[in-house]
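So that the names make sense, note that chain A is the first sequence line, chain B the second, and so on, each numbered from 1.
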2 protein chains.
Amino acid sequence: MTAGAAKYDADMPTEVETETELAAVLRSKGLRMTAQRQLVLEAVRALGHATPEQIHERIRGQVDGVNITTVYRTLDLLEELQLVSHTHLSHGAPTYHLAGDRGHAHLVCHRCGRITEVEPTLFANARKEVADATGFIMDVGHVAVFGTCAECLEKDQ
Amino acid sequence: MTAGAAKYDADMPTEVETETELAAVLRSKGLRMTAQRQLVLEAVRALGHATPEQIHERIRGQVDGVNITTVYRTLDLLEELQLVSHTHLSHGAPTYHLAGDRGHAHLVCHRCGRITEVEPTLFANARKEVADATGFIMDVGHVAVFGTCAECLEKDQ
DNA sequence: GTATTTGCAAAAGTTTTGCCCGTGA
DNA sequence: TCACGGGCAAAACTTTTGCAAATAC
């Protein structure tokens with residue numbers, strides 16, 4: 001683990017960086033770096049967006065004996081540290097993703113359940129209009145838009 | 001309740017109309033009109049958007065002995081009949097609202113949890129852009145946008 | 001060494017299911 | 001009449017909590 005090698009490339013939030021960041025953030029709060037915390041963060045990154053259940057599943061395939069309780073607790077912690085955040089997609093199951101990952105809004109098809117990711121720039125206009133109208137600042141990486149996807153629309157006709 | 005007085009004001013989807021519609025839709029499927037079904041639909045309309053729990057709570061204040069199980073089953077049925085639909089706002093709790101009620105998108109503040117309703121016209125642009133880009137048709141009455149409300153932003157600074 | 005974390009088990013909360021009786025058409 | 005619906009109780013899940021043992025620092 002080559003920690004401390006971050007230097008000045010602040011414009012490149014890579015995988016290595018996230019791991020280093022985890023250690024740094026934890027240490028700055030007097031918290032401890034553990035294998036479980038690394039595994040959960042790594043799983044969130046690898047899966048893109050996933051439920052606690054799915055995260056647990058993935059980790060179980062890697063090492064043995066990480067409890068689901070720990071996954072829940074760790075996700076809460078990572079969210080508090082603003083390393084991950086969660087969205088409620090589809091059927092009440094919360095899905096977690098990297099907090100820095102502002103790369104997508106979620107389109108959830110209520111017919112087939114498929115999740116499509118789109119560039120948040122599509123919502124730039126709406127974001128501005130909403131801000132002007134209400135002062136509410138949309139977190140575009142945390143949008144769940146429901147509707148019907150192209151394929152289901154076709155099937156429908 | 002003066003039902004049956006609907007006459008010809010078809011441009012006025014009022015409370016009376018919904019009740020009539022319920023009876024009609026049920027009958028057309030060979031299903032039965034019951035007090036419970038009326039009560040649940042009425043509660044959904046009255047509350048705007050509410051969880052099964054809240055709906056049950058309201059009904060309990062009106063009549064006695066309507067079971068929470070029945071509320072769940074009836075909401076499922078009403079959704080199938082396309083009289084109501086549900087959204088997942090905030091913390092995994094599904095909230096139900098009238099299906100015809102396309103009058104609002106939901107802004108959910110992840111700090112204070114408050115839900116602000118805004119005109120869907122604010123998303124007209126995004127809707128078009130998303131449709132053009134992906135073919136996905138946004139259900140604007142079923143949007144949950146997460147972010148930070150004006151008050152919490154102020155408090156933050 | 002010691003405070004933080006984890007695992008385990010049990011609790012708590014929410015939603016679903018099975019079964020039998022009540023009721024609407 | 002008699003199939004549909006509702007109430008009740010219990011099951012099935014998901015998420016949280018308490019506590020003792022393990023572990024990072």
For R37(B) and for L31(A), locate the closest nucleotide of DNA chain D by heavy-atom distance; then report the residue assigned to the nucleotide nearer the 5' terminus.
R37(B)
Do you know the tightest heavy-atom contact between V84(A) and Y96(A)?
CG2-CD2, 3.9 Å
Do the side-chain N or O atoms of Q36(A) get closer than 4.0 angstrom to the phosphate oxygens (OP1, OP2) of dT23(D)?
no
For T121(A) and E119(A), what are the C-alpha separation, side-chain angles and deciding distance, and is it a side chain to side chain donor-acceptor pair (under 3.5 Å)?
CA-CA 5 Å; T121(A) 53; E119(A) 292 174 50; 3.2 Å; yes
Please give, in whole Å, the distance from dT15(C) P to H86(B) NE2?
10 Å
Could you give the distance from CZ (F123(B)) to CZ (R127(A)), rounded to the nearest 0.5 Å?
11.5 Å
Return the 5'-most residue of the pair T69(B), R27(B) with respect to DNA chain C, ranking by each residue's nearest nucleotide.
T69(B)
Heavy atoms only, 4.0 Å cut-off, all strands: where does G65(B) land among base, sugar-phosphate and nothing?
sugar-phosphate
Check the distance between dG13(C)'s P and Y72(B)'s OH and give it to me in whole angstrom.
13 Å
Would you mind classifying the nucleic acid contact of I68(B) as base, sugar-phosphate or nothing, using non-hydrogen atoms under 4.0 angstrom?
nothing
Length of the line joining L78(A):CG and dT5(C):P, which is rounded to integer Å
12 Å
Quick one: the side chain of R73(A) and the base of dG7(C), do they pair up donor-acceptor inside 3.5 Å?
yes
Rounded to the nearest angstrom, tell me the gap between atom CG in N67(B) and atom P in dG6(D).
11 Å
Just the rounded figure in Å: distance from P of dT15(C) to OH of Y96(B).
8 Å
Please report, rounded to the nearest Å, how far the C1' atom of dC25(D) is from the NZ atom of K29(A).
19 Å
Closer to the 5' end of DNA chain C via nearest nucleotide, is it D76(B) or T34(B)?
D76(B)
Under-4.0 Å side-chain N/O to phosphate OP1/OP2 contact, R32(A) with dT23(D)
no
Mind calculating the distance between CG (D64(A)) and P (dG7(C)) to the nearest angstrom?
11 Å
Might you point out which heavy atoms bring E79(B) and S85(B) nearest each other, and give the distance in Å?
OE2-CA, 3.4 Å
Once you round it to whole Å, what is the distance between C1' of dT15(C) and NE2 of H56(B)?
13 Å
Name the one of N67(B), L75(B), T69(B), T74(B) that satisfies side-chain contact (heavy atoms from CB on, under 4.5 Å) with V71(B)?
L75(B)
